[in-house]
2 protein chains.
Amino acid sequence: MGASVSVSDSPLPLPTPDPPLPTHMFAINPTDPAPIWRQIEEGVRRMIALGALQPGASVPSVRDLAKDLRVNPNTVARAYQRLTEGGVLAVKRGEGTYVADVPVQPRKNERNEALRDAAIRYASTAISVGSGLEDAVDEVESAYERVVREHRRKA
Amino acid sequence: MGASVSVSDSPLPLPTPDPPLPTHMFAINPTDPAPIWRQIEEGVRRMIALGALQPGASVPSVRDLAKDLRVNPNTVARAYQRLTEGGVLAVKRGEGTYVADVPVQPRKNERNEALRDAAIRYASTAISVGSGLEDAVDEVESAYERVVREHRRKA
DNA sequence: CGACGTGTACTAGATACCTAATACAGTAAG
DNA sequence: CTTACTGTATTAGGTATCTAGTACACGTCG
């Protein structure tokens, strides 16, 4: 299109600074409408459920994890606070935060309730994009194994 | 620890005005982090995919659907606009809005992409609540049939 | 013609979330 | 004690969403 312009390429406005991009613990999806603090909360619960974080193990400090995920420390602090209130984490003031000795697994009631709620959301979107039940199930199986494999790789 | 207070029971503070509660078309979940206009957009797509809304059928007016769902007309208008831009709906100005004659179904690429994305979110929450793959799949099958049945009942 | 319903556009306010920066209290190591 | 790190609290600003109210252009019907 441009004729014989000999100007050196535009100096790259760098819309994306895109520095290290570590993803040590788990990933944060900025496009997900769910709040970041909820994604962090769920991520920690996921790692505990998968055994990547065992009872008594120490979790990264608020500032470290914030730097790792490239979010604000306040956001991580909010997730840690909720996990502490829920009995998932235990904080030794001035020392650090650890996985609770007896990591509470959600009661079967609320566990099924949360799962059912998520299933309805997933089924709804599956139907809205014209997917059948079999395709939806296949995709879940694939995604489940992928998430497990991804966490095992980092454990 | 009030002693022998004989005051009649509190007159039911009625924290939820809870008026008609119609739910003619589909339901809106205020606790869902997804924006309401996206829930509406997905709901219309869902009804078309299930045949509850056939090509050429008229959809409720912006104000009617807004009153039905108890949301602001602007929110419904935003959803209708996106559906019109996407070729799902067609608007006859001053007359009304109708389902497009050739309702576009998402390309297989973006359809699979959206489905895969939703599947990852669902699998993640399933793992985080300590659910196994089988339970997660069972819940999806149950939810899928429930959504279909619910829409058939209103069609 | 006028009245009504349609989609659309605009302003303004309220709320939730994320970010930034700073400060404080407690613990461990030098 | 001093230093460094921990979680926690506070204030401020920016962005996105939802709400409310109003106004306009278009088409149908009486």
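Scope of the values below: all heavy atoms of this structure, side chains included, with no hydrogens, waters or symmetry mates. Order of the sequence lines fixes the chain letters, A, B, ..., with proteins taken first and strands second; residue numbering starts at 1 for each chain.
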Whole-Å distance between D:dT8 P and A:E95 CD?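 Interatomic distance, CD of A:E95 to P of D:dT8: 14 Å.
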Between atom NZ in A:K67 and atom P in D:dT6, what is the gap in whole Å?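 One finds 9 Å between P of D:dT6 and NZ of A:K67, rounded.
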Between [options], which nucleotide gets closest to the side-chain atoms of [X]?
X: B:Q81; options: C:dT8, D:dT17, D:dG27; result: C:dT8
X: A:W37; options: C:dC18, D:dG7, C:dG7; result: C:dC18
X: A:T97; options: D:dG7, D:dA25, C:dT19; result: D:dG7
X: A:N72; options: D:dG7, C:dA20, C:dT8; result: C:dA20
X: A:V62; options: D:dT17, D:dG7, D:dA25; result: D:dG7
X: A:I36; options: C:dC18, D:dC26, D:dA23; result: C:dC18

So, A:S128 side chain and A:T125 main chain: donor-acceptor pair closer than 3.5 Å or not? yes
Quick check: on DNA chain D, is the nucleotide nearest A:G94 upstream (toward 5') of the one nearest B:A34, or the reverse? Name the residue that is more 5'. A:G94
Sugar-phosphate only, base, or nothing, as touched by B:R78 at under 4.0 Å among non-hydrogen atoms: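 The residue B:R78 makes sugar-phosphate contact but no base contact.
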Can you say whether a donor on the side chain of B:R63 sits under 3.5 Å from an acceptor on the base of C:dG5, or the other way round?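 No pair found.
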Please confirm whether any donor atom in the side chain of A:N74 sits under 3.5 Å from an acceptor in the base of D:dG7, or the reverse.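 There is none.
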For A:R93 and for B:V59, find the nucleotide of DNA chain C with the closest heavy atom, then tell me which residue's nucleotide is more 5'.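 It is B:V59, whose closest nucleotide lies nearer the 5' terminus.
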